[in-house]
Amino acid sequence: MPVKVSVVVPVYNPGPYIEDCVASLLRQSLPPDEYEVIFVDDGSTDATPPRLDALAAEHPHVRVFHQENSGWSGKPRNVGIEASRGEFVMFVDNDDQLGDEALERMYAYGVAHGADVVVGKMAGKGRTVPVELFRRNRPYATVANAPLIDSLTPHKMVRRAFLERTGLRYPEGRRRLEDHVFFAEAYLRADNVSVLSDYVCYYHLARPDASNAGFQRFDPVGYFKNLREALDVVERYTEPGPLRDRLLRRWLRVEMVERMTGRRLLALPDDYRRELFQEMHAVAVERFGPGVAPGLRPAQRITAALIREDRYDDLLAYAEWEAGVRPRATPTGVEWHEGTLRVRFDAEYHDAGGALTVTADGPRPPADGAPADPAEAAAWLAGAADDGFGTATADLVLRDRESGASFFQPVELTRARVPAADGRTRLVLRGTATVDPAAAAGGAPLSAGLWDAHVRVALGGWTKECRLGPAPAPAPALPTAGLVAGRMVLPYWTQRHRNLSLDVDRAVKSLGLHRLTPADATVSDREVLTVALPLYVPDTTEVILRLTGGAGGRTLDRAAVLTPADGAHALLRAAVPLGETRNGVWRTELRPAGDRGLGLPLLLRAGRADVQVVRRPPRGLLRRVAGRARRLLGALLGGPMTTRKA
């Protein structure tokens, strides 16, 4: 069987963090004889080399190469390219992970669209990843029609014939931004680039010890020397004009302006900030022509102008003001509607003085200039917000708390100019998002886990993200949990900050079942159990009712149906064979799908047509009782009693 994909993994002293990477590579849905994994050990001094050798001995599709330390990832990746046999080469870092179907999906997508480069959707946990690039699938992407230039990390799949035809390789040696040089050229020379956005292919993860190579402080002189090499690539393969300016703008924005902005700048030591600033100033004057900075958003143009004009102290003052500017998104309602969640919210920007307000006759920022002070900057940006309010946007993004996977949800948006107390005007974005649990993850159902709601607000020259919350006091009422597309979805306010989150298939104790009363559950003479559950279902839904108990702890599964009673309740109906339940007491459990079960606080008495609703003490009461018992026992034994979690 020809090898479809060669996965190249440069390795240097990853310690235990390589294990999750290895596991994700071995559980790929692509058959093992259709892909290979090439680990290139770059002189590791920990226990990794023998670990990799043992792995290769156990798995025929795993190969390992050992070499002296080269100082960075470029040479190991090049060694992997030379050793590869696949139709495509996929680059993975040794502390990251692939989605289980990543290789299969990316390969098929690349073949279907004749791509030289396939960019798979990324999720970041503790690491930033592109967002706008992955709004939708882009089968035929270029640097002109898609924000490809926002994604220059190496975690992509490249056609090997393209690498051989172009001779494209990574710069080697102890250096930075080798991936920028490689992929800037790859994008500009590829016949086609395909972006796969409906499945998370790559998980870009921060180590708990913050020892990822990309997190280490860099030497500004060397870093911006390497950055100039990426700019050289753009200038080599483009003509002067708007496209080149737009591509160069990426390095001005990401590597310079965003480093000199708000809290990110203020967190750095002053001597290091000054070093960075001086190198950025030199690059800005030397390499960026008059068409580059004007394409930035107004807030970014101000920072770029201060860098170019060599005004470090003014830049610091502007950063201190801008650090207090952030969006707020207030939830105004959540409800079920025809099998989807409707989430309503208001979003606007605030600074240290409260909601950002504007006046119609305020000053507007010039295309290319720096303000005299933060007060003038604030006035400029208020004017920009007022002018651009007609195109301002607010998106609802669901993000998996465990993996970092994020997905945009459709939003209907209105824009309201609200009078403020001082006679000025607030700019408020009012959105209604539709969350379909059956398709909210890029067209696929939401997976089990906790999903946090974020709002991404583009207004006044900023695009920033915040949690949806805190909910006002009193918080808007939340609907009951819903059973939709086989998923149990519970909207809830987080305990500490009252932000909106969704619990998908995890909730077993918080669905409001404790509110059942004996009147909610009956068994008819025909042995049909009927229960009114605080549960939303969009239409008749088939489930399983499991009975456990009786003599010997038997288990009986019975077909049941849930039918809508109203927007907050569903009627559960199931035949319960009392003739088979004549011994003991039988516990009941609702099983919506597969092996997942939802315990019901109902007990069936053997051979009797009645139901008992189980009442348990509140969890807080149980803790208090347990605490008093420990203290009493400790006093009797002459010392304090403590407990320890495993």
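Positions are given from 1, in the same order as the sequence printed here.
Every residue meeting the side chain to side chain contact (heavy atoms under 4.5 Å, CB included) condition with A453, not counting sequence neighbours, appears here in chain and number order: L396, L398, L468, L500. In this structure R364 satisfies the salt bridge (Lys or Arg N to Asp or Glu O under 4.0 Å) test together with D386, D387, sequence neighbours excluded.
A 4.5 Å side-chain heavy-atom check between V8 and V37 finds every atom pair outside the cut-off. Using a 4.5 Å heavy-atom threshold, the side chains of E255 and R250 count as touching. The shortest side-chain heavy-atom distance between V489 and W336 falls under the 4.5 Å cut-off. A heavy-atom distance below 4.5 Å is found between the side chains of L413 and R415. Between D95 and I18 the shortest side-chain heavy-atom distance does not fall below 4.5 Å. At a threshold of 4.5 Å between non-hydrogen side-chain atoms, the residues K156 and F182 do not count as touching. By the 4.5 Å heavy-atom criterion applied to side chains, V418 and R430 are counted as neighbours. In this structure, the side chains of F183 and V233 stay at 4.5 Å or more apart for every pair of heavy atoms.
With S24 contributing its side chain and L98 its backbone, the two residues share a donor-acceptor pair below 3.5 Å. Side-chain N or O atoms of T494 include one that pairs as donor or acceptor with a backbone N or O of N499 at under 3.5 Å. Remark: side-chain polar atoms of Y536 are paired, donor with acceptor, to backbone N or O of G339 under 3.5 angstrom. In this structure a side-chain-to-backbone donor-acceptor pair under 3.5 Å is present from D116 to D191. With hydrogens and angles ignored, the 3.5 Å screen pairs a side-chain donor or acceptor of K464 with a backbone N or O of V325. D198 contributes no side-chain N or O that, together with a main-chain N or O of G443, makes up a donor-acceptor pair within less than 3.5 Å. Side chain of R246 to backbone of V143: a donor-acceptor contact under 3.5 angstrom is found. In this structure, Y318 contributes its side chain and G262 its backbone to no donor-acceptor pair below 3.5 Å. Without hydrogens or angle criteria, R426 side chain to A355 main chain gives no donor-acceptor distance under 3.5 Å. A donor-acceptor pair under 3.5 Å is absent between the side-chain atoms of S151 and the main chain of L148, judged by distance alone.
Donor-acceptor pairing under 3.5 Å is lacking for the side chains of Y492 and D503. For the residue pair W462 / Q300, no side-chain donor-acceptor distance below 3.5 Å is found, with atom types taken as modelled. Side-chain atoms of S29 and E104 form a donor-acceptor pair, as typed in the model, at a separation below 3.5 Å.
Under a cutoff of 6.0 Å and an axis angle of 45°, K121 and F407 form a cation-pi pair.
The two residues A384 and P298 come nearest to each other via the heavy atoms CB-CG, 3.7 Å. Heavy atoms only, all atoms of each residue included: E348 and L427 are closest at CB-O, 3.4 Å. Heavy-atom minimum distance, A184 versus L152: N-CD2, 4.0 Å. Of all the heavy atoms in S6 and G86, the pair that sits closest is OG-N, 2.8 Å. Minimum interatomic distance between P564 and V537 (heavy atoms only, all atoms of both residues): CG-O, 3.4 Å. For H113 against Y109, the heavy-atom pair with the smallest separation is ND1-O, 3.0 Å.
Relative ring orientation between Y107 and F88 is described as perpendicular, the plane-to-plane angle rising above 60° on a 0-90° scale split at 30° and 60°.
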Quick one, R399 with E465, criterion salt bridge (Lys or Arg N to Asp or Glu O under 4.0 Å). Give me CA distance, side-chain angles, the key distance, then yes/no. CA-CA 12 Å; R399 181 163 294 125; E465 193 176 280; 2.6 Å; yes

R263 and E322: CA distance, side-chain angles, deciding distance, salt bridge (Lys or Arg N to Asp or Glu O under 4.0 Å) verdict: CA-CA 8 Å; R263 286 180 168 80; E322 193 182 16; over 6 Å; no

Take T463 and R297, measure what side chain to side chain donor-acceptor pair (under 3.5 Å) needs, and give me the verdict at the end. CA-CA 9 Å; T463 297; R297 295 189 178 97; 3.3 Å; yes

Criterion salt bridge (Lys or Arg N to Asp or Glu O under 4.0 Å) on E258 and R253, from CA distance to verdict: CA-CA 6 Å; E258 290 182 2; R253 173 174 52 86; 3.8 Å; yes

Start with the C-alpha distance between E185 and Y237, add both sets of side-chain angles, then the distance that settles side chain to side chain donor-acceptor pair (under 3.5 Å), and finish with yes or no. CA-CA 8 Å; E185 183 170 347; Y237 293 102; 3.1 Å; yes

Test R77 against D93 for salt bridge (Lys or Arg N to Asp or Glu O under 4.0 Å), laying out the working first. CA-CA 10 Å; R77 292 194 187 110; D93 282 346; 3.1 Å; yes

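The OH atom of Y187 sits 11.5 Å away from the OG1 atom of T142 when rounded to the nearest 0.5 Å. Taking CE of M106 as the start and CE of M157 as the end, the distance is 4.5 Å to the nearest 0.5 Å. L25 contributes atom CG, which lies 7.5 Å from atom CG of L103 (distance to the nearest 0.5 angstrom). The distance from atom OG1 of T238 to atom CG of L248, rounded to the nearest 0.5 Å, is 6.5 Å. Between the CZ atom in R326 and the SG atom in C466 there is a gap of 9.5 Å [rounded to 0.5 Å].
The ring of H155 has its center no closer than 6.0 angstrom to the ring center of F91.
Residues E34 and K4 are paired through a salt bridge, judged by an N-O separation under 4.0 Å between the basic side chain and the carboxylate.
Listed by first and then second residue, the side chain to side chain donor-acceptor pair (under 3.5 Å) pairs that reach into residues 441-453 are R401-D452, D452-S501, sequence neighbours excluded.
Of the residues listed (R456, H454, R135), the one engaging D395 in a side-chain hydrogen bond (donor to acceptor under 3.5 Å, both in side chains) is R135, and it is the only one.
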